[in-house]
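Start at 1 with the first residue, then count along the sequence. Note that the structure is a prediction, hence the values are computed from the model and not measured.
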Amino acid sequence: MKKSSAVVMTVLASACLTALAATHTGAVQWVEPLEPASVPAAEGPVDETPQRWFVELSQTPTSEGGSAARLQSEKKAFRDAARSAGLRYIEHYAFDGLFNGFSVTVGRADLSALMRLPGVRAVYPVETIQRPEPGQSGPEMATALAMTGADIAQSQLGLDGSGIRVAVMDTGIDIDHPDFGGSGTDDTTAFPSARIVAGYDFVGDAFNADSSSPLYNPIPSPDANPDDCGGHGTHVAGIIGANGTVKGVAPNVQLGAYRVFGCNGSTTADVMVAAMERALADGMHVLNMSIGSTYQWPEYPTAKAASRLVNRRMVVVASAGNSGQTGVYSTGAPSVGDKVISVASFDNTHVRQPLFTVSPDGTEVGFNAATGAPTPPTSGTQPLARTGTASSTADACAALPTGSLTGRVALIRRGGCTFNLKAVNAQNAGAVGVVIYNNAPGAVNATVVGDTPVTVPTVGISDTAGLMLDARIANGGASLTWTPKVGSFPNPAGGLLSSFTAYGMSPDLALKPDIGAPGGSIYSTYPLESGGYATLSGTSMAAPHVAGAAALLLQAAPNTPSQAVGRILQNSAEPKAWSLNPGTGLLDVVHRQGAGMMQIDRAIVSAVRVEPGKLSLGESETGPAARTLTVENTGDTPVTYTFSATGAVSTAGSTFTPSFFLPATGVAFEASSVTVAPGATATVNVTITPPAAPLGGQYGGYLVLKPNDGSATLRVPYAGYIGDYQARQVMTPTANGFPWLAKSTDGSYFNQPDGATYTLSGGDIPYFLVHLDHQSRMLRMDVVEAASGRVWRRASQVEYLGRNSSPTGFFAYSWDGQVKVGKRTETAPDGRYRMRLSVLKALGDPTNEAHWERWESPVITIAR
């Protein structure tokens, strides 16, 4: 028998990166990364079943022309039906504007009853979203602006976001912060103000939706003042529009602060929908959401609500998510929304770090202080000693001679064992400090927590800095001097995709993310009581770069349709090199970087646009994909564009541990070039022949339009699926043997044998534990008579299911003994049954039996 653990939810945030071009090859080429993508194995099965649900009703919401009176009548009918059915639930929010329905909490035993209520169109889990925490090292904001061309848009084009209102849905904004026009003293600035013109606190300080936290408090306490005690929202707002010590992308925008987090912990997706409706009512032009729910569909309520905002003339930008280590199809909602700009994260070109100097010339070396070690000093000089060489593969992994490092700072190469063991071996040999340098490009962020405490200062540095120190020690020795200084240092990983940034595509095979921006370790504003400035990393930090850029674009071209902003930004973006092995010259995965690094200055000045901004090619079983590009010239002179195509590294293999290859994709244009007259449009047909293998992989590349007038090159990213998408297995068996028939006792599940008996009272009902390796369109539960094998009745149905976050994750579905017959319910009499779980695959045809996966449970004996 197996025991379940607590529900696991996942965080979303933002960051940005750059990449180089690759050429097509004649056959599939497998390419190995320096460090393969992987997901850490969980200790045991992880229960990811929610208890809070969105309930969608049938009428159209008011944002799409629905009648407010009909919506209210439909909600009354739902409440009456729930009361008649004896359903026990808690109603949290009722929505009319961007979503028609409710968010409710029901016990797991009552979920099937909720689904059966008349008028219920669909139910979706209300995901819990964690608040991202600060990182440890920070590049200058100025270098991040330079990566996207925002510095040029400000200095040469004279743009600052004036007249544009940008909403920040987050932890609030510190209204006293001087970089937003505040007084610089806590709690003295009135709200609203000249810079922060609208907003609302939906939750209050103590709110925390994480039920596993000792600070769990799911009761919101709304008020009118969205001041920030968490920090994340102030940081995001600074990237968008700070104007002080930090200068944001659009330093004169007006901000709206929509607080959906308390001071600690998590929020929920229904609070997000409520905040979206408020931002619409407040007349915001742009909405930034640096939060979200992983593994979801475009039909998820936050994604649908976000797309409806775009239909109401608001540009919506959302972080793609930080779930890159959990594999492909991990981009989150709302960023998977059809009209939402989903943003990936790249690492900044420079890192702001504390530093020490090295003799004989005082060379400055930036470092990251190791977690779990004493704080490095700010003064003092000690000699350096090395424990190995620049080629050591297990440096300081074995005990070192006693006294061999007395009074010295040990230089140790990464690799072969834990950071804790290296540091402990050095301190046991008498070292007074430890410097660990990387064995791959980039700086080390070490954690030395372990069974044996590390009692000496320990820091991590880059591979290049480590090699320099190693050479100085070998050539006569060197000493290290600790300083109180902070410096800006080149980041070896700068311009590459951040390791955490999520992979697409979305479950409907739409190309996501859409674009990228800097998000790895960004220095920005922070609440005054927490120091005023701080560093955070994530796709959370990338999205506000794009939201600020959207404000600049709308200032420059006020009549730009909200639906067109994403396409315009994609046209001029610059795809970047493969982050796992940039030396190959290959472009990174399209369904991880989208169109590439945003270049807002080029987007604004370009007179030529290409539509569509991206090509989602779908599954390849039907053969080549034919598409048409439309090129529009709004300038005063004709421009001739020459067409070409560039491939990119693609993914295959497991959902959770994808492998990488260079696809043999064929791209054929009907003409080699096109000339577009001023004020005219031209079209060109293109045929993209997908690679034949590996089946189940995602491939992609870029269509390139090079002009003859020296203006910016335009690109259109494309991505597709190799083979039959419905051949992908969804209900994948796990090491724990899921699916299960189970019982729940004291919050734990126990596997049940054939014939297991249930009384259907006191919580004694059957549960069905299933692992979903991929998102699915629908899950049906049908009751089957055990003796005849005949399907008797439908128990419940759930649509648009997300996938599990790990190979051991599962969802638990219950049956209360009730079945649906038309608009009424019936109670199953005592007897022997099986439950048939049927999963319709993503984009599957419900009339095609091959598009379903089915599992029948062991016999269930109902004996009241």
Side-chain angles (χ1 to χ4, degrees), residues 1-8 41-51 106-113 115 125 295 655-656 729-776 778-786 789 791-792 794-798 801-819 828 831-841 852-863:
M1 294 185 292
K2 304 295 182 183
K3 191 172 182 178
S4 75
S5 60
V7 174
V8 170
E43 293 182 358
V46 179
D47 185 357
E48 300 185 89
T49 313
Q51 286 188 284
V106 297
R108 293 181 184 177
D110 296 317
L111 178 58
S112 55
M115 296 176 183
Y295 321 120
T655 296
F656 303 104
Q729 189 169 7
V730 176
M731 271 194 299
T732 307
T734 69
N736 303 95
F738 296 143
W740 280 5
L741 169 65
K743 284 193 176 188
S744 175
T745 305
D746 297 329
S748 299
Y749 295 103
F750 298 89
N751 200 355
Q752 298 299 297
D754 197 61
T757 300
Y758 297 86
T759 64
L760 302 186
S761 63
D764 184 24
I765 63 173
Y767 287 85
F768 310 95
L769 274 53
V770 58
H771 169 79
L772 300 182
D773 212 62
H774 193 68
Q775 290 90 337
S776 58
M778 183 186 304
L779 184 146
R780 287 177 175 169
M781 294 172 55
D782 292 307
V783 181
V784 175
E785 295 176 338
V791 173
W792 178 57
R794 173 76 38 82
S796 62
Q797 177 173 299
V798 188
L801 290 84
R803 71 164 172 86
N804 284 111
S805 66
S806 74
T808 59
F810 69 90
F811 300 112
Y813 297 95
S814 64
W815 181 43
D816 59 1
Q818 302 289 309
V819 294
R832 288 165 59 83
Y833 304 93
R834 297 180 188 270
M835 185 65 71
R836 178 179 295 171
L837 268 63
S838 301
V839 171
L840 179 61
K841 302 187 181 194
W852 291 88
E853 290 180 24
R854 306 192 192 276
W855 172 80
E856 278 196 13
S857 73
V859 171
I860 303 162
T861 302
I862 297 179

Review point. Closest heavy-atom contact between Ser776 and Val839?
Key: CB-CG1, 3.4 Å

Exercise for review: Tell me, with the steps shown, if Lys743 and Asp764 meet side chain to side chain contact (heavy atoms under 4.5 Å, CB included).
Suggested key: CA-CA 7 Å; Lys743 284 193 176 188; Asp764 184 24; 3.4 Å; yes

Check your understanding: Hey, mind stepping through Met115 and Val798 against side chain to side chain contact (heavy atoms under 4.5 Å, CB included) and telling me if it holds?
Key -> CA-CA 8 Å; Met115 296 176 183; Val798 188; 2.9 Å; yes

Review point. So, the side chain of Ser857 versus the backbone of Leu741: is there a donor-acceptor pair under 3.5 Å, distance only?
Key: no

Review point. How long is the gap from CZ on Phe738 to OG1 on Thr732, to the nearest 0.5 Å?
Key: 13.0 Å

Review point. Would Met781 and Gln797 count as a side chain to side chain contact (heavy atoms under 4.5 Å, CB included) if you check the C-alpha gap in whole Å, the side-chain angles of each, and the deciding distance to 0.1 Å?
Key: CA-CA 6 Å; Met781 294 172 55; Gln797 177 173 299; over 6 Å; no

Practice item. Please confirm whether the backbone N or O of Ser748 pairs with a side-chain atom of Thr745, one donor and one acceptor, at under 3.5 Å? Key: no

Check your understanding: What distance separates Arg780 CZ from Arg836 CZ, expressed to the nearest 0.5 Å?
Key -> 12.0 Å

Review point. Measuring from Leu760:CG to Asp816:CG, what's the distance to the nearest 0.5 Å?
Key: 8.0 Å

Exercise for review: Calculate, to the nearest 0.5 Å, the distance between atoms OH and CG belonging to Tyr295 and Leu772 respectively.
Suggested key: 13.0 Å

Practice item. Using atom types as modelled and distance alone, determine if a side-chain donor or acceptor of Glu48 lies under 3.5 Å from a backbone N or O of Ser805. Key: yes

Practice item. Looking only at non-hydrogen atoms, find the nearest pair between Met835 and Asp782 and report the distance. Key: SD-O, 3.3 Å

Practice item. Drop me the distance from Met778's CE to Lys841's NZ, to the nearest 0.5 angstrom. Key: 15.0 Å

Practice item. Flag the pair Phe768 / Tyr813 as yes when their ring centroid distance falls below 6.0 Å, and as no otherwise. Key: no

Check your understanding: When the aromatic ring centroids of Tyr767 and Tyr749 are compared, is their separation below 6.0 Å?
Key -> yes

Exercise for review: For Gly755 and Thr861, work out which heavy atoms get closest and say how close.
Suggested key: O-OG1, 3.1 Å

**Study point:** Arg803 side chain to Gln775 side chain, donor-acceptor N/O pair below 3.5 angstrom
**Key:** no

Exercise for review: Would you indicate whether the side-chain heavy atoms of Val770 and Phe810 approach each other to under 4.5 Å?
Suggested key: no

Review point. Is the side chain of Gln752 donor-acceptor paired with the backbone N or O of Phe750 at a distance under 3.5 Å, no angle test?
Key: yes

Practice item. Answer yes or no: is there a donor N or O on one side and an acceptor on the other, between the side chain of His771 and the main chain of Thr734, under 3.5 Å? Key: no

Exercise for review: Using atom types as modelled and distance alone, determine if a side-chain donor or acceptor of Glu785 lies under 3.5 Å from a backbone N or O of Val791.
Suggested key: no

Exercise for review: Please answer whether the main-chain N or O of Ala113 pairs with a side-chain N or O of Gln818 as donor and acceptor at a distance below 3.5 Å.
Suggested key: no

**Study point:** NZ/NE/NH1/NH2 to OD/OE distance under 4.0 Å, Asp754 and Arg834
**Key:** yes

Review point. About how many Å separate CG of Leu837 and CG of Leu769, when rounded to the nearest 0.5 Å?
Key: 10.5 Å

Point to revise | Side chain Asp773, main chain Met731, donor-acceptor under 3.5 Å | key: no

Exercise for review: Hey, can you tell me if Trp815 and Tyr833 have their rings parallel, tilted or perpendicular (30° and 60° cut-offs)?
Suggested key: perpendicular

